2 protein chains.
Amino acid sequence: MTPPATRSRSGTAALILATAAEIIQLKGYSGFSYADVAAELKITKAALHYHFPGKAELGEALIAAWAARFADALAALDAAGGPALARLHGYIDLHARILGKRRMCMCGRLAAEYQTLPAPMRAALVKFFDHSQVWLEGSLERGQSEGTLRFASAPRDTALLIISALEGAMLLAGPNGDIERFNATVTSLVSALHGP
Amino acid sequence: MTPPATRSRSGTAALILATAAEIIQLKGYSGFSYADVAAELKITKAALHYHFPGKAELGEALIAAWAARFADALAALDAAGGPALARLHGYIDLHARILGKRRMCMCGRLAAEYQTLPAPMRAALVKFFDHSQVWLEGSLERGQSEGTLRFASAPRDTALLIISALEGAMLLAGPNGDIERFNATVTSLVSALHGP
DNA sequence: GTCTATAGGCAGATAGAC
DNA sequence: GTCTATCTGCCTATAGAC
C-alpha cells in the first residue's frame with residue numbers, strides 16, 4: 001500500500017507542514033516565519049531548515065499537500081456518485097468547513113500574494129485552481145443534462161463564478177468574522193444556479 | 001469650497017498615499033515597507049514619518065482615501081440616474097478598470113490580511129464593504145421593481161454574492177494574469193442575475 | 001520638510017557540535 | 001535530527017542637524 005503524499009515524509013516534516021499551513025492561513029506567506037513555526041512546535045529554526053531547505057521549498061510543499069487533500073476530497077465526492085446538486089453542495093461544504101475553523105482557504109490566501117511568490121509556488125497555485133475548475137465544470141455539465149441545474153452561461157464560466165464567489169466570500173468573512181454572511185452568500189449563489 | 005478629503009493634505013502626503021496604494025496592491029500591507037515608498041518617491045524614510053507617524057496610520061489613511069474615491073464613483077453612478085442594470089455594470093466596471101491596470105482592489109487585498117491588521121484598519125475595511133453592500137442592495141431592489149433584474153434570494157444576500165464574486169474574481173485573476181477569465185466570470189454573474 | 005545617522009529587533013539562512 | 005551560535009540584511013522608528 002502506497003502511503004499518501006502528505007505522509008511520505010518523516011513525522012516531524014508532517015507536523016511542520018500542518019503547523020505552517022495554519023500559520024499561513026492566518027498571516028499569509030510574507031507574514032509567516034520559520035520562527036513562528038519553530039516556536040509553535042517547540043523546536044529550533046535550524047531543525048526546520050533540515051526538513052525544508054528554505055521558505056520557498058516549504059511553501060511549495062504546503063501547496064502540494066493542500067492540493068492533495070483537496071483532490072482526495074473531490075475524488076470522494078466522485079466516488080459517492082450523487083446527483084450534480086449534491087456534488088455542488090459537497091464542494092461548497094469543503095469551504096464552509098474551513099471557514100468554520102475561522103480560517104480561509106490556504107490557496108485563496110496565497111493567491112492574494114501571487115505577485116510576490118516564487119515561481120514554483122505560483123505554478124502550483126495555478127494548477128490547484130485549474131483542477132477545481134475542471135472538476136466543477138464536469139459537475140455542472142452533468143447537472144445541466146440531468147436538468148437539476150439551470151444556468152445561462154457556459155459551464156466553464158459558471159465554474160469560475162462558483163470558485164470566485166466562494167473564495168471571495170471567505171475573503172469577506174474575515175472582515176466580518178461572521179459565518180452567517182458566508183452562508184447567505186452561498187445560498188444566493190446556489191439559488192442563482194437553480195434557475196427560477 | 002471645501003477640498004476633498006484626499007487633497008486636504010500637502011502635495012507630498014498625497015504622493016505618498018498614491019505610491020503606497022500601488023505598492024500595497026502589489027505586496028500587501030505586511031509586505032510593503034517605508035523603504036519601498038521612499039525609494040519610489042526618491043525621498044528618505046524619515047520624511048515619510050513626518051507625514052505619517054507610523055505604518056498603521058498610513059494604512060488607515062490609505063483605506064480612507066480609497067473608500068472616498070470609491071464612494072465618489074458610486075455617487076456619480078447615482079447622479080447619472082440610469083436603470084438598475086446600468087448601475088450594476090457601472091459597479092462592475094469600477095473593478096474591471098482596476099484589473100486592467102494589473103492590480104486588484106486594495107481593500108480586497110487588505111481583507112486577505114485582516115487577521116493581522118491593526119484595529120483601526122480593520123474597522124475601516126468593514127465600513128468600506130458595508131457601504132458597497134448597501135449601495136448594491138438599493139440598486140438590486142430598484143432592478144427588481146423595474147423588472148430588469150431577476151434573482152431568487154434577498155437583495156442583501158445577492159449584493160453579498162456580487163461583492164464576493166468580484167473580489168474573488170480579482171483574486172483568481174492574479175494566478176492567471178488573465179483578464180479574459182475575469183470577464184468570463186463577470187458575464188456568468190450578470191447572466192445569473194438576469195434570470196432566464 | 002527633508003536630511004543623516006542610528007537604534008533595536010526580527011527575518012532567512014548557515015556552520016558545526018552533539 | 002536537533003541543537004547553539006552567529007551572520008547579514010531589512011524592518012519600523014527616533015533624534016537631531018539643516
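The structure displayed is predicted, hence computed values, not measured ones. Because only heavy atoms are used, hydrogens play no part in the values below, and waters and symmetry mates are left out as well, while side chains stay in. Lettering of chains follows the sequences in order, A, B, ..., and the numbering in each one begins at 1.
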(request) Please confirm whether the backbone N or O of A:A112 pairs with a side-chain atom of B:R109, one donor and one acceptor, at under 3.5 Å? (result) yes
(message) If you only use heavy atoms from C-beta on, which nucleotide in C:dT4, D:dT12, D:dC3 is closest to the side chain of A:A47?
(response) D:dC3
(request) With the side chain of B:S33 defined as its heavy atoms from C-beta on, choose the nearest nucleotide among D:dC11, C:dT2, D:dA15. (result) D:dC11
(request) Find out whether the Lys NZ or Arg CZ of B:K55 is both under 6.0 angstrom from the six-membered ring centre of B:Y34 and within 45° of the ring's axis. (result) no
(request) Mark yes when over 12 heavy atoms from residues, nucleotides or ligands other than B:E40 sit less than 6.0 Å from its CD; otherwise mark no. (result) no
(request) Report the distance from atom NE2 of B:H51 to atom C1' of D:dA13, rounded to the nearest whole Å. (result) 16 Å
(request) Please confirm whether the backbone N or O of A:L117 pairs with a side-chain atom of A:R122, one donor and one acceptor, at under 3.5 Å? (result) yes
(request) Check the distance between D:dC3's P and A:L41's CG and give it to me in whole angstrom. (result) 10 Å
(request) Name the closest nucleotide to the B:S10 side chain, picking from C:dG1, D:dT4, D:dT12. (result) C:dG1
(request) Take atom CD of B:E57 and atom P of D:dT12, then tell me their distance rounded to the nearest Å. (result) 13 Å
(request) Calculate the interatomic distance between B:K55 atom NZ and D:dC11 atom P; express it in whole Å. (result) 9 Å
(message) Need one value for B:Y50: base, sugar-phosphate or nothing, where a base atom within 4.0 Å counts as base even if backbone is also close, heavy atoms only.
(response) base
(message) Whether the B:T187 and A:S153 side chains hold a donor-acceptor pair (N or O, under 3.5 Å, no angle test) is what I'd like checked.
(response) no
(request) Let me know, please, whether A:D36 or A:P53 comes out on the 5' side of the other along DNA chain C by nearest nucleotide. (result) A:D36
(request) Find the distance A:F52:CZ to C:dT14:P and express it as a whole number of Å. (result) 16 Å
(message) In this structure, how many angstroms lie between the C1' atom of D:dT2 and the CD1 atom of A:I16, rounded?
(response) 11 Å
(request) Rounded off to whole Å, could you give me the NE2-to-P distance for the B:H49 and C:dT6 pair? (result) 17 Å
(message) Let's see if you can work this out: which of C:dT2, D:dA13, C:dA13 has an atom nearest to the side-chain heavy atoms of B:K45?
(response) D:dA13
(request) Look at the side-chain N and O atoms of B:T44 and state whether any lies under 4.0 Å from the OP1 or OP2 oxygen of C:dT4. (result) no
(request) Grab the OH-C1' distance between B:Y34 and D:dG9 for me, whole Å please. (result) 21 Å
